[in-house]
Structures are given as structure tokens and as C-alpha cells.
Amino acid sequence: MKLLAAAFSTFLALLVSAQGHFNDVTLDIINVDLAPDGFTRSIVSANGTFPGPLIRATKGDTLRVTVNNKLDFDGIFFDANNSYNEGTPFVTTCPFGPNVSYTYVLPLANQTGTYWYHSQLSMQYADGLRGPLIIYDPEDPQADLYDVDDESTIWFISDWWHNSTVPMLASYQATQIIPVSDSGLFNGAGRYNSGPQTEYAVSKVTTGKRYRMRLINASARSDFTVSIDNHTMTVIGTDGVATVPYTVNVIDMLAGQRYDVVLTADQPVGNYWINTILGGGNPARNLNLNVTLGRGILRYEGADAAEPTAPMTLGPNGVNAIPLKEWELMPLVPIPAPPFDMELTFVTSITSKKTQWNINNISYLSPEVPTLLKILDGASSDADFNQTENTFVLPVNKIIQVTFPSSEEDELHPFHLHGNNFWVIKSNGSDTVNEVNPIRRDVVGAGAGGTTLRFSTDKAGPWFFFWHMSAGLASVMAVGPDETRAVVHSTGKWDDLCDAYNALPAELQ
Ligand SMILES: *[C@@H]1O[C@H](CO)[C@@H](O)[C@H](O)[C@H]1NC(C)=O
Ligand SMILES: *[C@@H]1O[C@H](CO)[C@@H](O)[C@H](O)[C@H]1NC(C)=O
Ligand SMILES: *[C@@H]1O[C@H](CO)[C@@H](O)[C@H](O)[C@H]1NC(C)=O
Ligand SMILES: *[C@@H]1O[C@H](CO)[C@@H](O)[C@H](O)[C@H]1NC(C)=O
Ligand SMILES: *[C@@H]1O[C@H](CO)[C@@H](O)[C@H](O)[C@H]1NC(C)=O
Ligand SMILES: *[C@@H]1O[C@H](CO)[C@@H](O)[C@H](O)[C@H]1NC(C)=O
Ligand SMILES: *[C@@H]1O[C@H](CO)[C@@H](O)[C@H](O)[C@H]1NC(C)=O
Ligand SMILES: *[C@@H]1O[C@H](CO)[C@@H](O)[C@H](O)[C@H]1NC(C)=O
Ligand SMILES: *[C@@H]1O[C@H](CO)[C@@H](O)[C@H](O)[C@H]1NC(C)=O
Ligand SMILES: *[C@@H]1O[C@H](CO)[C@@H](O)[C@H](O)[C@H]1NC(C)=O
Ligand SMILES: *[C@@H]1O[C@H](CO)[C@@H](O)[C@H](O)[C@H]1NC(C)=O
């Protein structure tokens with residue numbers, strides 16, 4: 001299992017410099033039957049729940065996450081003819097098979113904020129293997145802005161499918177229609193059209209208190225528009241980066257994005273709808289999906305244990321909406337974007353058959369040997385990788401600018417860079433160019449209205465740059481092969497994983 005953002009960014013560094021307090025966490029990966037929206041299905045889960053259990057860490061900890069793969073293996077792992085291995089495995093590691101345990105050692109250093117973990121295989125990720133990971137900061141410079149920040153203030157928002165990804169992928173390959181989810185879940189509960197009246201998840205507040213709500217869009221595909229009836233939200237964190245307080249009443253979140261917001265319980269005691277409205281795909285393609293039904297309940301202490309009496313809406317619109325605009329987000333600690341040394345232009349496109357996405361006409365295919373192992377074996381230039389690995393070898397300590405030109409035919413893809421924050425110089429949806437105090441984040445929308453970002457190659461290693469579910473839409477930034485070889489002394493564990501994986505019977509690979 002790969003830990004998004006937090007984990008991977010420190011993964012390589014920590015192999016050499018584990019330090020601070022060790023925080024040991026165990027996750028058992030098991031199959032269970034759950035019915036988060038009232039429809040019972042088998043899911044791949046961390047510890048048998050959805051979302052998976054909170055991984056709680058403190059700034060400066062070294063997190064040691066032991067993942068025990070206890071999956072039964074009836075088709076769950078690695079059908080060789082499926083393309084779901086396009087996800088993150090094979091960049092830094094081999095996937096691991098049944099009965100294998102692996103301990104990730106993650107020095108967190110000064111990183112803080114809201115993250116999540118999910119399976120390294122996109123298939124299991126959509127099938128339920130996702131959960132929150134929060135790194136608390138005992139010396140949070142924004143601590144005076146809120147009173148409560150604990151397990152009860154995590155809002156985990158995700159799309160949900162009744163079918164497992166195996167038939168969905170087969171159907172996608174046959175029809176070229178990207179599956180549309182059956183429901184949207186708020187903290188693991190939701191409803192679908194004509195389904196049972198599942199209890200919505202309740203978020204409890206007390207009049208007068210201020211809550212640091214940690215919104216996590218843990219979608220596989222869908223984005224969400226989040227609002228709370230009669231309340232505003234003050235954004236103070238963006239993908240783990242402390243943000244100058246910014247008050248809005250509607251937040252659009254792409255898959256993978258996180259916002260920490262302060263919610264003040266300043267309305268009359270009662271029950272209020274939390275609207276978490278899913279977007280993504282044509283609802284006409286899945287009659288189970290009713291986006292209006294994706295929601296939770298904000299309940300004041302003293303209110304009845306009942307649903308709000310207000311009608312279910314999609315949230316503020318028109319003149320009543322104060323939407324979050326990415327280009328208006330400012331980091332609490334401004335770091336100007338340095339001038340760039342190199343520029344990459346990424347034109348995203350889709351094949352006429354609409355099954356494969358391309359970056360500059362190349363569709364990413366997972367290599368047989370993980371990129372990191374190739375680098376440890378001496379790969380040093382673009383030419384050492386197959387074209388379909390879309391791997392860019394970059395020098396260390398440079399500033400790289402990546403430009404996604406605007407394209408009327410394209411849709412917006414949430415791009416995520418492992419291991420690094422980038423400066424968002426120009427957001428989709430605005431012409432504003434900001435090199436002075438741009439927001440830094442690790443997931444950005446790109447590909448429709450034009451997006452420009454910069455990142456520093458101050459960390460050697462192969463970093464995956466990708467969009468989760470779009471087959472082919474990925475590349476690898478292989479930063480400093482020589483420096484990578486110098487800092488990563490193979491512990492033997494990676495090789496063991498690959499040996500174990502290669503030793504699996506073919507039908508399990
Ligand atoms: C997951 O379950 C295992 C076994 O019950 C337990 O030891 C572990 O603490 C749980 N992990 C978390 C993060 O709660
Ligand atoms: C995993 O362990 C279980 C219980 O020990 C065993 O029954 C099963 O055969 C093992 N699976 C593999 C693939 O080794
Ligand atoms: C975190 O630590 C690194 C290395 O010590 C330093 O370069 C960076 O500025 C620090 N970041 C913050 C937000 O303090
Ligand atoms: C799952 O997908 C298969 C293949 O498209 C379909 O036959 C089946 O009805 C689907 N099951 C559910 C529960 O949607
Ligand atoms: C994969 O191969 C198996 C048989 O080897 C076949 O039954 C199955 O339909 C194939 N799946 C896909 C998605 O092509
Ligand atoms: C989550 O991401 C999906 C896919 O990008 C997006 O459609 C949805 O609006 C996002 N949800 C939230 C709450 O941001
Ligand atoms: C919430 O806002 C709506 C629309 O502005 C208003 O009609 C309603 O009275 C408010 N509810 C409460 C409890 O204040
Ligand atoms: C979706 O749910 C809302 C709220 O229950 C309901 O009013 C609406 O009719 C539903 N839409 C469809 C297409 O059933
Ligand atoms: C992609 O291929 C098409 C057709 O060969 C060509 O016109 C276009 O310039 C190429 N785009 C890029 C970014 O290389
Ligand atoms: C290498 O790239 C070619 C296209 O350039 C592709 O046809 C082939 O499948 C790739 N091989 C591997 C092992 O990825
Ligand atoms: C992205 O930009 C395009 C073109 O300006 C615009 O139509 C679209 O609404 C924008 N998307 C978001 C989520 O801002």
C-alpha cells in the first residue's frame with residue numbers, strides 16, 4: 001500500500017535518516033462485506049472498515065506502517081491481462097502478494113496536515129482500501145483559530161461503486177464508457193436511488209465552538225462540491241500547506257485534494273445538511289446515482305437525533321455562492337516561485353477509441369521492473385527507459401516548470417505529484433499568474449483551461465506524476481539518478497518484494 005503524499009515524500013529520505021519518536025501502526029488488508037450506502041458488497045479494506053482507520057501521527061514522528069496482506073486471492077490480485085497495474089506500483093516498488101507483510105518507514109520531519117492512504121493498485125483503491133492520515137502539529141501556528149481538532153473533525157468524502165473494479169474495467173474496455181459511481185459517501189455513509197434509507201453520518205458540534213474540519217476528497221474518480229447549510233467555511237490548510245484564512249461557502253474538490261476549514265457553530269441549535277455533491281460522469285449512465293443524496297448531517301448538541309427538516313439541495317448557487325477560487329488561496333508562509341531552469345509542456349489527449357489517455361502522444365504503461373530498481377541498476381537518461389514509461393530524467397536542485405496548455409477538447413484532470421509540493425503559478429479557470437506567493441499543493445487540476453506549475457528537484461528519486469484512474473495519463477519525474485543511487489542503499493526489502501511478486505503463480509501476478 002502506498003501512502004499518498006505524506007508518506008512517499010519522505011519515504012526515500014527516511015531510509016537513511018529515521019529519527020524522532022517511532023510511531024508504529026499496523027494495517028490488516030482484508031476482504032469484508034459492507035453496505036455503506038445500503039447495498040452489500042465485498043470490499044478490500046484496511047482493518048475491515050470503510051473508510052479505513054485513522055492513522056494519527058505527530059510532527060517529527062517516524063511513522064512505521066506495517067501492512068499485512070491478508071486478502072483471499074480469488075481474483076483480487078493482479079490478473080495479468082488487466083491494465084489496472086497502471087497505478088503506482090512499478091515505479092518505486094513491486095506490489096505485494098497474499099500473506100506478505102511489509103513495513104513502510106516514513107520519517108515525517110516537519111510535514112504536518114491532512115493526508116490519506118490508499119492501495120497502491122487503483123483497483124483496490126476503488127474497491128475500498130482508503131483511509132485518513134493526519135499529522136498533528138503540537139505547535140500549530142493557527143491553533144488559536146479553532147477549539148476542536150480530533151477524530152470527530154475528519155470529513156472523508158468519496159465516490160462508491162456497487163460493482164468490483166474487475167467487471168467495471170472489462171466493461172470500460174468493451175464499451176469505452178468510463179463507469180459512473182453508484183453513490184457518494186460522506187464519512188462512509190450515503191444513499192442511492194431506490195435504495196434503503198441508510199442513516200447518514202453525523203458530525204456533532206457544540207454552540208460557540210470552532211472546529212478544524214479536515215475535508216478529504218478520497219474519490220477514485222468523482223469530484224465533489226461541498227457546502228453546509230447556513231454556515232461558511234474558513235480555509236486554513238490546502239493539501240497540508242497552512243493557508244491564510246479564506247472564508248467561502250462552497251468548495252469544489254478534485255480527487256485527492258484536501259482542505260482544512262474552520263467551521264464555527266454559530267447558528268441556532270438544530271440539524272443542518274452537509275451537502276457533498278458528486279460530479280464526474282453522466283448520471284444518466286448510472287440510474288443508481290442521485291447526487292442530491294450524497295450528504296451528511298451537522299448536528300448541534302441539544303438538537304433532536306433527526307434529519308434536518310430543510311429540503312436537500314445542491315448547496316448555494318448564483319449570488320448566494322461564495323466559491324473557493326484556487327488562485328485566491330495564499331500560503332501562510334509565502335515562498336516566491338523561483339525562476340525555472342527547464343520547462344516541460346504536457347499536452348493531454350485521448351485516443352480515438354477513448355480507452356487510453358496520452359501525455360504528448362505517449363500513453364504510460366507500467367514497466368516490468370520498477371523505475372527505482374532500474375535506477376539502482378544504473379539507468380541514467382531518458383533513453384534508458386522504454387518510451388511508454390514516459391520517464392523524464394531531471395537534474396537535482398533545479399526548478400522545473402510544467403505547462404498544460406488550454407484545450408477545448410480536454411476535461412480537467414486532477415494531477416498529483418508524489419513526494420513534492422508544487423507552486424501553482426496559474427490555475428485552471430483564471431488568467432492570473434502568481435510567482436510571488438502562489439499556493440503550494442500536491443494535487444492540481446490541469447488540462448482544460450490551462451495550468452502552469454513549478455517544482456524543485458531538491459529530492460532525488462523517481463516521483464510519479466499522474467492522474468489516478470485515467471489509463472495512460474501518467475509520467476515519472478526521475479530526479480537525479482546518481483544522487484538517488486548515493487542515498488538509497490537498498491535494504492534488500494524492495495528486491496524481496498519483487499522476488500516474492502515474481503514467484504507468485506502467473507494467475508496471481
Ligand atoms: C488494525 O487492526 C489491527 C489488528 O486488530 C490492530 O492491531 C491495529 O492497531 C489496527 N490499526 C489501526 C490504525 O487502528
Ligand atoms: C496464506 O496463508 C494462509 C493461512 O496460513 C494459507 O492457507 C494460504 O495458502 C496462504 N496463501 C499463499 C498464497 O501462500
Ligand atoms: C522543513 O524542513 C526543511 C529541511 O530542514 C526546510 O528546508 C523547510 O523549509 C522546512 N519547512 C517548513 C515549512 O518549515
Ligand atoms: C457488474 O458488472 C457486470 C458486467 O458489466 C454486470 O453484469 C453486473 O450486473 C454488475 N453488477 C452490479 C452489482 O452492478
Ligand atoms: C483475462 O483472461 C481471462 C482468461 O485468461 C478471461 O477469462 C478474462 O475475460 C480476461 N479479462 C479481460 C479483462 O480481458
Ligand atoms: C473529489 O474529486 C472528484 C474528481 O476530481 C471531483 O469531481 C469532486 O468534486 C471532488 N470532491 C470534492 C469534495 O472536492
Ligand atoms: C438557513 O438558511 C435558509 C436560507 O437562507 C433560511 O431560510 C433558514 O431560515 C435558515 N435556517 C436557520 C435555522 O437559520
Ligand atoms: C433524488 O433524490 C431527491 C431527494 O430525495 C429526490 O427529490 C429526487 O426526486 C431524486 N431524483 C431522482 C431522479 O430520483
Ligand atoms: C501528436 O500526434 C499528432 C498526430 O501525429 C501531431 O499532430 C501532434 O503534434 C502530436 N502532439 C504532440 C504534443 O507531440
Ligand atoms: C515499449 O514501448 C513500445 C512503444 O514504443 C511498446 O510497444 C512496448 O509495449 C513497450 N514495452 C514495454 C515492456 O513496456
Ligand atoms: C477549468 O477551466 C475551464 C476553461 O476556462 C472552465 O470551463 C472550467 O470550468 C474550469 N474548471 C474548474 C473546475 O475550474
Side-chain angles (χ1 to χ4, degrees), residues 1 3 6-7 22-32 37-38 44-58 61 63-71 101 103-104 106 115-118 128-136 151 154 156 180 182-184 190-198 200 205 207 227-232 249-250 264-278 282-300 302-304 306-322:
M1 179 188 51
L3 297 164
F22 285 95
N23 179 350
D24 289 302
V25 176
T26 302
L27 293 178
D28 291 338
I29 309 304
I30 50 179
N31 288 122
V32 283
D37 66 356
V44 177
S45 75
N47 278 21
T49 62
F50 183 84
L54 168 65
I55 297 183
R56 169 192 287 280
T58 303
D61 279 0
L63 195 54
R64 282 190 299 215
V65 183
T66 297
V67 179
N68 301 318
N69 184 0
K70 299 190 170 174
L71 291 175
S101 289
T103 300
Y104 293 94
L106 314 163
Y115 303 89
W116 57 304
Y117 59 89
H118 60 76
L129 216 175
R130 329 174 214 174
L133 187 162
I134 313 289
I135 310 168
Y136 292 97
E151 204 152 339
I154 296 169
F156 199 83
V180 171
D182 292 290
S183 58
R191 292 181 189 168
Y192 62 99
N193 257 341
S194 316
Q197 299 290 98
T198 312
Y200 284 117
V205 295
T207 301
S227 61
I228 311 157
D229 282 2
N230 302 71
H231 291 77
T232 57
N249 66 9
V250 181
T264 303
D266 59 2
Q267 294 297 306
V269 167
N271 288 292
Y272 296 84
W273 289 120
I274 300 164
N275 312 298
T276 51
I277 308 302
L278 181 145
N282 179 354
R285 292 209 170 117
N286 187 341
L287 298 179
N288 282 336
L289 179 64
N290 179 344
V291 297
T292 305
L293 298 177
R295 55 191 54 249
I297 296 171
L298 183 74
R299 177 167 300 152
Y300 279 64
D304 294 341
E307 288 187 3
T309 50
M312 295 179 180
T313 71
L314 302 181
N317 58 30
V319 292
N320 296 321
I322 312 163

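Values below: every heavy atom of this structure, side chains too, minus hydrogens, waters and symmetry copies. Note that ligands are numbered from 1 as they come in the structure, with each ligand's atoms numbered from 1 the same way. All residue numbers refer to positions in the sequence shown, counting from 1.
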Can you tell me the protein heavy atom closest to atom 5 (O) of ligand 1 and the distance?
-> D28 OD2, 4.4 Å

Do me a favour and list the nearest non-hydrogen protein atom to atom 6 (C) of ligand 1 with residue, atom name and distance?
-> N47 ND2, 4.2 Å

Can you tell me if N275 and S227 form a side-chain donor-acceptor pair at under 3.5 Å?
-> yes

Protein heavy-atom partner closest to atom 7 (O) of ligand 1 - residue, atom, separation in Å | T26 CB, 4.5 Å

Which atoms form the tightest heavy-atom contact between N288 and D182, and what is the distance?
-> ND2-OD1, 2.9 Å

Is atom 2 (O) of ligand 7 less than 4.0 angstrom from at least one protein heavy atom?
-> yes

Please indicate, with yes or no, if any protein heavy atom is found under 4.0 Å from atom 10 (C) of ligand 7?
-> yes

Which ligand 1 atoms are under 4.0 Å away from a heavy-atom of P53?
-> 12 (C), 13 (C), 14 (O)

Atoms in ligand 8 flagged as close to L293, the criterion being non-hydrogen separation under 4.0 Å = 2 (O), 4 (C), 5 (O)

For atom 8 (C) of ligand 7, which candidate among N320, V269, T309, N230 holds the nearest heavy atom?
-> N230

Which of the ligand 1 atoms, numbered from 1, are nearer than 4.0 Å to a heavy atom of V25 = 13 (C)

Do any N or O atoms from the side chain of S183 and from the backbone of R191 form a donor-acceptor pair under 3.5 angstrom?
-> no

Test side-chain contact (heavy atoms from CB on, under 4.5 Å) applied to R295 and I277, step by step = CA-CA 7 Å; R295 55 191 54 249; I277 308 302; 4.1 Å; yes

Is Q267 close to ligand 7, meaning an N/O of one under 3.5 Å from an N/O of the other?
-> no

Has ligand 8 got any nitrogen or oxygen that is less than 3.5 angstrom from a nitrogen or oxygen of T292?
-> no

Shortest protein heavy-atom distance from atom 13 (C) of ligand 8, along with the residue and atom involved = N193 ND2, 3.8 Å

N23 side chain to R56 main-chain N or O, any donor-acceptor pair under 3.5 Å?
-> yes

Is it true that a side-chain atom of W273 and a backbone atom of A310 form a donor plus acceptor pair closer than 3.5 Å?
-> yes

Under 3.5 Å, is there a donor-acceptor pair linking the side chains of D304 and N271?
-> no

Of the non-hydrogen atoms in Y300 and Q267, which two are nearest, and what is the gap between them?
-> OH-N, 3.1 Å

